[in-house]
S.K.: 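Let me begin by handing over the structure; questions about it come next.
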Amino acid sequence: MTEYHPQDIEQKWQRRWQETRAFEVTEDPTRPKFYCLEMFAYPSGHAHVGHVRNYMIGDIIARTRRMRGYNVLHPFGWDAFGLPAENAAIKNKVHPEQWTLENIAHMKGQLQRLGISYAWEREIATCLPNYYRWNQWLFTRMFQRRLAYRRRSNVNWCESCQTVLANEQVVDGGCWRCGTPVTIRDLEQWFFRITAYADELLDALGSLTAWPEKVVMMQRNWIGRSEGARVRFPVVAAAGPGESADTVEVFTTRIDTIFGASFVLLAPEHPIVDRFAAASDAPDAFRARVARFRAQDRTARLTGEIEKEGFDTGRQVINPFTGQPVPVWVANFVLGDYGTGAVMAVPAHDQRDFEFARKYGLPVTVVIQPLDRMLAAEALEVAFEDEGVLVSSATFSGLPAHEARARMTADAAARGIGEGTVQYRLKDWGVSRQRYWGTPIPIIQCESCGLVAVPDEDLPVELPNITEFSGRGDSPLAYVPEFVNVPCPTCGRPARRETDTMDTFVDSSWYYYRFCDPTNDQLPFDPAKVSYWGPVDFYSGGVEHAILHLIYSRFFSRVFRDLGLVSIDEPFSRLLTQGMVLRHGAVMSKSKGNVVDPDEMIAKYGADALRLYVMFVAPPEKEVEWSDSGLEGAFRFLSRVWRIVDHLIPAIADAPQPTGMTLEPDERALRRKTHDTIDRVTRDIDPRMHLNTAVSTLMTMVNELYAFCEGQGLRPAGRDDEPAAVINRRETAAVLREAVEALVLLLSPFTPHLSEELWERLGHHDGLSAAGWLQADPIVARAEEIEIPVQVNGKLRGRITVPVDAAEADILAAAQAAVVSHVAGMDVVKTVVANRRLVNIVVRPAKGTL
RNA sequence: GCGAAAGUGGCGGAACUGGCAGACGCGCCGGACUUAGGAUCCGGUGGCCGAAAGGCCUUGGGGGUUCGACUCCCCCCUUUCGCACCA
């Protein structure tokens, strides 16, 4: 017998897959397609097992679908632009491109050594001009449609990364990448108008039934739709001329409480604040207070508790519903970039307003009464924020709050003082980055023509090769005169190129379509190809992308749709967010020194054992703790498979199919196990994706196979000089061959190298891909007898074995006989035969025995 | 604070539609084979009582629905994650 040496067979099969381009695909309308995708990788250097778990999961799904006859697209690529490359360049004097390409080469080798079945001929890297030129192409289209626009604005700034961050990239007030507290800068920036799709992105979440609810919820919260009204409060004129036309517009979701609006609060950033300051008695003091609040903004506000503060502007506005003047204050907790930057304060019905009013002695008016008690403003301890009935609200008094909202909104509109509106938390996506290693923004600024898109024939705008990466916070490209100074494409006069580069999330927002047609040099992709492959049927990656990448991708897929290149809305049909791999209780990271290098494990146990272990240890969505002994267990299992298959092969390789043979009971039992295993493993892998139980089912089958062989005197002893098994009975050989072949095929998505090798040794020379998946025969899988537990008063008291088609009455009779001692002297109150799976006899003490 | 998910042996986990709790693996214990075993094969392994047969308890805690609850409902505890002044 031969021993299991994974390293030899793994290299053999990896070479063969490469030589035969085993996973290459083309469009084939005669077969059902399946697009299986794992989030592509940032080429950081070395992949650890936490990274590769995701690729293993996708590979199980891809390989299974392939064997089931689907035309499977399973590509991989590199999210290759980004800051780490540039930082490494500054630190180590290596060009970002060199650093990136070297990392890609290493990581590609790691994935190939794991036997992931990628269509490598479709590999893409976003840092190459043949990819990023299509970012630029799309940018110019978005520019023409005003979906890309430039404006000066307060943006999030990371001091450490020296660049702008999108709102989605600010986590707990810090940079998503390095955690440095975010500061605010006022810069000219490019934005993508994702808000134009806010409603659609929100509504379509309902169609994502195969996404984790958690991700859907996070996106819903992120988009943050709220329905309400804008209402204009006219400013009571001060001495200054021309001011009488001013109004303060507020956004409220509770217009029904407007009769209780006893003051108005402005964000420190609100434009009218400067005018109020200028017109005030002490403009400098006024401005100083505003400046203090603005400085608190974000960092202080987002990271910790900040005291609610405000000051009186000394000005008043008219509440357009009461007609009464109310004071205007500036408050540090009112956000300048949400709604209108101004709110009407209703202290009786909003807790923040209530606290503010108490702190500064501002009036509180109750205008909503609950149904079960009577509120008095003086006795109020907390704001009443629930629904109720309006009081002290002129003609609206007596209306339920929800009805009042509709009527009062209509009233405001009729009077021209406001209107119903929808407000989103989602903001436009800021994409300008003041760094080198990204896609140049294809815009030229001309003094006479303004902002001009680079024409298609001049694309790509290639990133110039530079050697100085300032890291100072201005764009390195601005120091390259031959890049900056160009003629205007429209008028030909000297003009300046935009020197910012695009957020790398642009790259990853549409790569899944590029895989469908990765070398197209006329378009980002051929619409016909995307129409064949799209949408992605199975997409997996980390939950950390729940709002960043996944919301941007949903946005971009709609932009492509509206450009007429794609006909579907949603790019990803089914989403799986895989759990992380921990070691010593922490996420693996180089800095913590707790990474597990897949190559080390492959050298010791083989890629198949590593794959099997990672899939077996827990369901894909769950976090797992790395365990060396678990991996050893997987290796032991594969050795066990190898040993018995290797032992049996000479005796079964030529055996016929067992169909139609007259079998002994133990042979029938083995066939039953085989077909039951086929059925369960198939369902567990797809659709259930309980990959861990698929493995455990295969383990029980191997145990059964050993037990069967033990009974037949066929068990391998595990000695080197052991002769192969000899089987005289044709039926035994037949059922064993069927069992062994099923085992090898069912294991193959998990352990492709071992399976290919054993499959070949079983006499098949055209590879697993030609083998196809298995179909369980339900008649064979059906048990002849079933064991039924018998309960008395819900407690297990015995078991009976009956023919599988026994009548219910016979089951009951047998059950009663089996538990006679527990039922003696009792009255049977009720009997339940549950779906032929369990019997419960309900008894109570017989009358007269007490 | 708001929202969501989860809580099962020493450990990872299983239990599909309310029907035998603890599959499978790790670890541990024992046996066989062996000069030897950290290889291999076989067996045991939730807790308590018992020599055994068997009995009792057991899915975070408490209540409820049901013939029957890990599963459904209510309350509480814990953990993890998300949101966190969004008017």
Side-chain angles (χ1 to χ4, degrees), chain A residues 3 172-173 212-218 220-222 224-226 228 250-254 257 265 267 301-302 305-306 308 331-335 337-346 349-353 355-356 423-427 543 546-547 612-613 616-619 621-634 636-637 639-640 643 680 683-684 688 690 692-703 706-707 709-710 715-719 722 787-799 829-843:
Chain A
E3 250 186 89
D172 291 334
E213 271 179 50
K214 177 189 163 128
V215 174
V216 171
M217 181 85 67
M218 284 167 73
R220 183 165 288 133
N221 292 338
W222 187 262
R225 179 191 155 103
S226 53
V250 303
F251 172 71
T252 179
T253 55
R254 291 296 304 271
T257 65
L265 298 172
R301 281 194 204 169
L302 291 174
E305 271 291 301
I306 188 157
K308 292 182 181 53
N332 64 346
F333 64 89
V334 177
L335 303 172
D337 55 2
Y338 182 77
T340 60
V343 299
M344 63 179 209
V346 186
H349 305 294
D350 181 283
Q351 188 58 25
R352 281 163 316 181
D353 298 345
E355 286 163 21
F356 196 85
Q423 193 61 48
Y424 298 94
R425 213 186 74 123
L426 181 73
K427 298 192 179 71
V543 73
I547 40 187
L612 189 82
Y613 161 66
F616 174 62
V617 68
E621 300 84 353
K622 267 204 78 158
E623 241 173 35
V624 296
E625 171 73 25
W626 175 262
S627 147
D628 285 328
S629 48
L631 174 56
E632 274 175 58
R636 244 188 329 258
F637 169 73
S639 306
R640 197 168 145 83
R643 204 175 298 121
R680 294 167 79 126
R683 282 184 295 125
D684 271 357
R688 295 184 75 207
H690 291 200
N692 55 329
T693 56
V695 176
S696 69
T697 302
L698 287 164
M699 287 171 166
T700 58
M701 181 175 172
V702 171
N703 291 343
Y706 268 83
C709 289
E710 178 84 14
R715 175 170 68 68
R719 290 193 310 271
E722 188 173 14
E787 195 184 59
I788 296 178
V790 184
Q791 298 181 334
V792 177
N793 287 350
K795 285 185 197 237
L796 183 67
R797 294 301 184 190
R799 309 170 173 280
V829 179
K830 184 172 184 172
T831 56
V832 180
V833 181
N835 202 19
R836 316 168 80 68
R837 279 199 287 195
L838 174 141
V839 177
N840 192 10
I841 298 167
V842 185
V843 299

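Throughout, a chain's letter reflects where its sequence line sits, starting with A, and its residues are numbered from 1. Quick note: numbers below take in every heavy atom, side chains included, and nothing from hydrogens, waters or symmetry partners.
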S.K.: Once you apply the 3.5 Å cut-off to both distances, tell me the Watson-Crick or G-U wobble partner of B:G1, or none.
M.R.: B:C83
S.K.: Of the nucleotides B:A23, B:C56, B:A87, which one has an atom closest to the side chain of A:Leu335?
M.R.: B:A87
S.K.: Going by the rule side chain to side chain donor-acceptor pair (under 3.5 Å), which residues pair with A:Arg797 if we only count those two or more places apart in sequence or in a different chain?
M.R.: none
S.K.: Please state the C1' separation for the pair B:G12 and B:A6 - nearest whole angstrom.
M.R.: 16 Å
S.K.: Using a cut-off of strictly less than 4.0 Å, decide whether A:Arg352 has a side-chain nitrogen or oxygen near OP1 or OP2 of B:C86.
M.R.: yes
S.K.: P atom, B:C74 versus B:G54: distance in rounded Å?
M.R.: 41 Å
S.K.: Applying salt bridge (charged side-chain N to carboxylate O under 4.0 Å, His left out), can you list everything that pairs with A:Arg640, at least two apart in sequence or on another chain?
M.R.: none
S.K.: Looking at A:Arg643, does any N or O in its side chain come under 4.0 Å of the phosphate oxygens OP1/OP2 on B:C41?
M.R.: yes
S.K.: Distance between the P atoms of B:A69 and B:C57, in whole angstroms?
M.R.: 13 Å
S.K.: Please produce a list of atom pairs where a protein N or O lies less than 3.5 Å from an N or O of nucleotides 26-32 of chain B.
M.R.:
residue : atom : partner  : partner atom : Å
B:C26   : OP1  : A:Arg636 : NE           : 3.3
B:C26   : OP1  : A:Arg636 : NH2          : 2.7
B:C26   : O2'  : A:Ser629 : OG           : 3.0
B:G27   : OP2  : A:Arg636 : NH2          : 3.1

S.K.: Quick one: label A:Arg836 by what it contacts on the DNA or RNA (base, sugar-phosphate, nothing), any heavy atom closer than 4.0 Å.
M.R.: nothing
S.K.: Suppose we screen for side chain to side chain contact (heavy atoms under 4.5 Å, CB included). Which residues come up paired with A:Ala694, at least two apart in sequence or across chains?
M.R.: A:Val681, A:Asp684, A:Ile685, A:Phe750
S.K.: Verify the contact: side-chain N or O of A:Ser226 to OP1 or OP2 of B:A87, cut-off strictly under 4.0 Å; return yes or no.
M.R.: yes
S.K.: Between B:C24 and A:Arg640, is there an OP1 or OP2 to side-chain N/O distance shorter than 4.0 Å?
M.R.: no
S.K.: Please list, chain by chain and in numerical order, all residues satisfying salt bridge (charged side-chain N to carboxylate O under 4.0 Å, His left out) with A:Asp350, sequence neighbours excluded.
M.R.: A:Arg352
S.K.: With C1' as the reference atom in both, quote the distance from B:A84 to B:G47 in angstrom, rounded to an integer.
M.R.: 44 Å
S.K.: What's touching nucleotides 67-70 of chain B from the protein side, N or O pairs under 3.5 Å?
M.R.:
residue : atom : partner  : partner atom : Å
B:C67   : O2'  : A:Asn840 : ND2          : 3.1
B:C67   : O2   : A:Asn840 : ND2          : 2.8

S.K.: With heavy atoms under 4.0 Å as the rule, sort A:Asn703 into base, sugar-phosphate or nothing.
M.R.: sugar-phosphate
S.K.: Only counting residues at least two apart or in another chain, list the ones meeting salt bridge (charged side-chain N to carboxylate O under 4.0 Å, His left out) with A:Arg799.
M.R.: A:Glu787
S.K.: Would you indicate, yes or no, if B:G25 has its OP1 or OP2 atom less than 4.0 angstrom from a side-chain nitrogen or oxygen of A:Tyr613?
M.R.: no
S.K.: Checking A:Glu621 now: which residues fulfil side chain to side chain contact (heavy atoms under 4.5 Å, CB included) with it, not counting sequence neighbours?
M.R.: A:Leu576, A:Pro619
S.K.: Can you name the residues that form a salt bridge (charged side-chain N to carboxylate O under 4.0 Å, His left out) with A:Glu625, not counting sequence neighbours?
M.R.: none
S.K.: Can you name the side chain to side chain contact (heavy atoms under 4.5 Å, CB included) partners of A:Val832, sequence neighbours left out?
M.R.: A:Lys830, A:Ala834, A:Asn840
S.K.: Check every strand shown and say whether A:Tyr424 touches a base, only sugar-phosphate, or nothing at a heavy-atom separation below 4.0 Å.
M.R.: nothing
S.K.: On a whole-Å scale, what distance lies between the P atoms belonging to B:G30 and B:C20?
M.R.: 34 Å
S.K.: Looking at every heavy atom in both A:Leu265 and A:Phe333, which two are closest together, and how far apart are they?
M.R.: CD1-CZ, 3.6 Å
S.K.: Would you say a side-chain N or O of A:Arg425 is under 4.0 Å from OP1 or OP2 of B:A84?
M.R.: yes
S.K.: Take the protein atom CZ of A:Arg225 and the nucleotide atom P of B:C86, then report the distance between them rounded to whole Å.
M.R.: 18 Å
S.K.: Strictly under 4.0 angstrom, non-hydrogen atoms only: write out the protein contact profile of nucleotides 2-17 of chain B, one letter per nucleotide from the 5' end, B, S or -.
M.R.: ----------BSSSB-
S.K.: Write down the distance separating the C1' atoms in B:U59 and B:G9, rounded off to the nearest Å.
M.R.: 10 Å
S.K.: In whole Å, what separates the P atom of B:C85 from that of B:U80?
M.R.: 22 Å
S.K.: Return the nucleotide paired to B:A32: Watson-Crick means purine N1 to pyrimidine N3 with N6-O4 or O6-N4, wobble means G-U with N1-O2 and O6-N3, both under 3.5 Å.
M.R.: B:U40
S.K.: Of the nucleotides B:C83, B:C85, B:C57, which one has an atom closest to the side chain of A:Lys795?
M.R.: B:C57
S.K.: With rounding to whole Å, what would you report as the distance between B:G18 and B:C11 at their C1' atoms?
M.R.: 30 Å
S.K.: With a non-hydrogen cut-off below 4.0 angstrom, is A:Arg715 in contact with a base, only sugar-phosphate, or nothing?
M.R.: sugar-phosphate
S.K.: Across all strands shown, which nucleotide pairs with B:A69 by Watson-Crick or G-U wobble geometry, both distances under 3.5 Å?
M.R.: none
S.K.: Holding to ring pair (Phe, Tyr, Trp, His ring centres under 6.0 Å), I want the full list of residues that pass it with A:Trp626, two or more places apart in sequence or in another chain.
M.R.: A:Tyr613
